Amino acid sequence: MTEGAPRGEYYLYFDLAKALSVTTEASTAKVVLNGSACEQSAVSPDFTDIDNRPADTLFLQKLAASAVATYADVELREGRNELSISADEADSPSSLHVARLFIHNSATASHSELVVRINARNPLLLETVILADIDKKTDVIMIQADKSSLLLTTTNVVSRRNSRLTFNLVNLSPSCNRNEVTASLVGENASVSLGGLYSAVKDCKVDNVTTVRHLVPNCESQQLFKGIADDNGNISFSGLIVVKPNAQKTTASQTNRHCISDKSAKAYSKPQLEIYADDVKCSHGATTGQIDESQLFYMQQRGIDESEARKLLTAAFLSEVADKFPMRDVRDEVLSLITGMDNDINEEV
Amino acid sequence: MLHIENLHASVDGKEILRGINLDIKAGETHAIMGPNGSGKSTLSAVLAGNPAYTVTSGTAVFNGKDLLSMKPEDRANEGLFLSFQYPVEIPGVSMTNFLKAAVNGKRKYRGEEPLSASDFLKLMREKKKIVEIDSNLTNRAVNEGFSGGEKKKNEIFQMAMLEPCIRILDETDSGLDIDALRIVANGVTKLKSKDNATVVITHYQRLLDYIVPDYIHILYHGRIVMTGDKKLALELEERGYDWIKEQFKD
Ligand SMILES: Nc1ncnc2c1ncn2[C@@H]1O[C@H](COP(=O)(O)OP(=O)(O)OP(=O)(O)O)[C@@H](O)[C@H]1O
Ligand SMILES: [Mg+2]
């Protein structure tokens, strides 16, 4: 981290002028953290057992000529950390921005929280490596809620011995998104919890692809992905759990629930298990449902107009994911994004 | 206040209401009784605007407005309240958020500003006393895991919050224990005024001891086949419905 920067605040900004120079001279790429430029740092740590599959390779090649890349080494301090990613130059809407983040705990932090806020009016490819280090507890949440055009995220989680990691993705923006999350549990007694909360309206599309790889014994993984599609929206979840032969005593669960609130909307779900060990507990479940008409009518009977009632029911459906966010304030923020209402009056009444 | 004429309604192509006529004036209490499956809940659902039911003919005029052409939320905001026979559970929606949306929905409809958080909480505290509803119910999700009786109590609590002008209570007494029945019925009576009207759907005389009706209607096979005063309930208690069924079979 840059010296003299305000603590705990990271700001990563894609400046078009600088960005263009980056394309011609990639080695001088600059990242602005807290308003001061940092040196580019190593992004691809050398973990032998990570598959470094790029997302949407074809797409990248097509736009490579105008691609802009920025790298950041995000070292998490103890407690709350905030990172904003913005790619919103209005004059160059088609250039693809590529941001690569390497997120890891600082040596002294035992429990770190990171809130990443994405505001990308330009197409953005966000490649993230999260290292959940030995004995560390890390909570990461990525929120994309502003108007974005296209967001592709690839997240590689590497969990070492005794690490606890939660990683949650929030896609509520009317845009097209694809999230690929690969979590590799490489050290014993590690636990990973992945969450996804998404909505697709008006011809938008949100795809989620997860791979959780249990490579060693005694690890635990959980996944909960819930999405809602409306008005020609299209959502999908494809989740693979791999349990390698020596990963005995693995506990892995995966839950995917989709809600379609309009006939024109579509939802797809593809859970897959590949289990090569025998002493494991693995479960998965996928459902697709609709807004409950009797709940809707009940709310309307109390004078709540239909669109408001739908918002409340949508928030209720998605709240199961938000309720698991370790950061309570972020949960409230996300729920009020959905309903457009302030959250619970928390006073006892 | 509410004038219903020759109302016919069907569900899934099956005719359930076969010509209902009913005139309800401000200050009045009407009881609707009748055998299971005769169409009592259907009538209340149709009046509240449940889209599962289709009105095939007839009219209903509510405070001078055409009720049947209004959206369910507009009917509610015009002052029609239905205490459901089977209240719906809405996991994930807190009672507070739900009631805030309802109270402010009505205020918005009337062109009023939304209530401030503190005024809303004050209102809630005040109305909770009327039905003696427990805080650990109002701090939960709407009806989620409530017992049958708790759900009914919650209906009347919501009614107290919304101060409707026509209150349709569909078997609010069923599932209530003896004390809860007294509390809930007294709540309904306390909230009664010369400006509102009450329609109680019930199977038992018991409730009518507390909420004394001006009229009792017997609904049978989609029609009101008999109207009397409160003594009619006693007669039904004694004789059952066989004599009605015999008299009005088609
Ligand atoms: N959604 C529906 N689909 C099919 N039939 C229905 C539906 N709703 C109501 N009915 C039928 O309409 C008839 C009237 O039902 P309704 O619930 O109005 O009776 P009720 O008088 O309220 O009876 P109860 O005293 O048992 O509450 C019944 O025969 C019922 O089965
Ligand atoms: Mg009924």
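Below, read A as the first sequence line, B as the second, and so on, with proteins coming before strands; counting in each chain starts at 1. In this text, all values refer to a predicted model and were calculated from it rather than measured experimentally. Every heavy atom of this structure was used, including side-chain atoms; hydrogens, water molecules and symmetry mates were not.
- Proximity to chain B (any heavy atom under 4.5 Å) is restricted, for Ser319(A), to the side chain, taken from C-beta onward.
- Contact of Glu306(A) with chain B is made through backbone and side chain together, with heavy-atom distances under 4.5 Å.
- The two residues Val93(B) and Ala316(A) come nearest to each other via the heavy atoms CG2-CB, 3.6 Å.
- When all heavy atoms are compared, the tightest approach of Leu312(A) to Ala101(B) is CD1-CB, 3.9 Å.
- A 6.0 Å sphere centred on CD of Glu112(B) holds more than 12 heavy atoms belonging to other residues, nucleotides or ligands.
- The CD atom of Glu155(B) sits 3.5 Å away from the OH atom of Tyr298(A) when rounded to the nearest 0.5 Å.
- With a 4.5 angstrom heavy-atom cutoff, Leu80(B) touches chain A via backbone and side-chain atoms both.
- Taking all atoms of both residues into account, the shortest heavy-atom contact from Gly303(A) to Ala76(B) is N-CB, 3.5 Å.
- One finds the CD atom of Glu73(B) at 10.0 Å from the CZ atom of Phe297(A) (value rounded to the nearest 0.5 Å).
- Side-chain contact between Lys71(B) and Asp305(A) is absent, with no heavy atoms from C-beta onward closer than 4.5 Å.
- Annotation for Leu82(B) and Arg302(A): closest pair O-NH1, 2.7 Å, computed over non-hydrogen atoms.
- Residue Phe98(B) comes nearest to Met299(A) through the heavy atom pair CE1-CG, 3.9 Å, listed as atom of the first residue, atom of the second, then distance.
- In this structure, the side chain of Gln301(A) does not engage the main chain of Ser83(B) through any donor-acceptor pair within 3.5 Å.
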Quick one: side chains of residues 47-63 of chain B, donor-acceptor pairs under 3.5 Å with protein atoms, not counting sequence neighbours, listed by atom name and distance.
residue  : atom : partner  : partner atom : Å
Asn50(B) : OD1  : Ala52(B) : N            : 2.9
Thr56(B) : OG1  : His8(B)  : O            : 3.3

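- Atom CG of Asp292(A) is separated from atom CD of Glu89(B) by 11.0 Å, given to the nearest 0.5 angstrom.
- The two residues Pro91(B) and Gln295(A) make their nearest non-hydrogen contact at CD-NE2, 3.7 Å.
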Margin query: Walk me through whether Glu308(A) and Lys108(B) qualify under salt bridge (charged side-chain N to carboxylate O under 4.0 Å, His left out).
Written below: CA-CA 12 Å; Glu308(A) 177 91 8; Lys108(B) 187 172 151 200; 5.8 Å; no

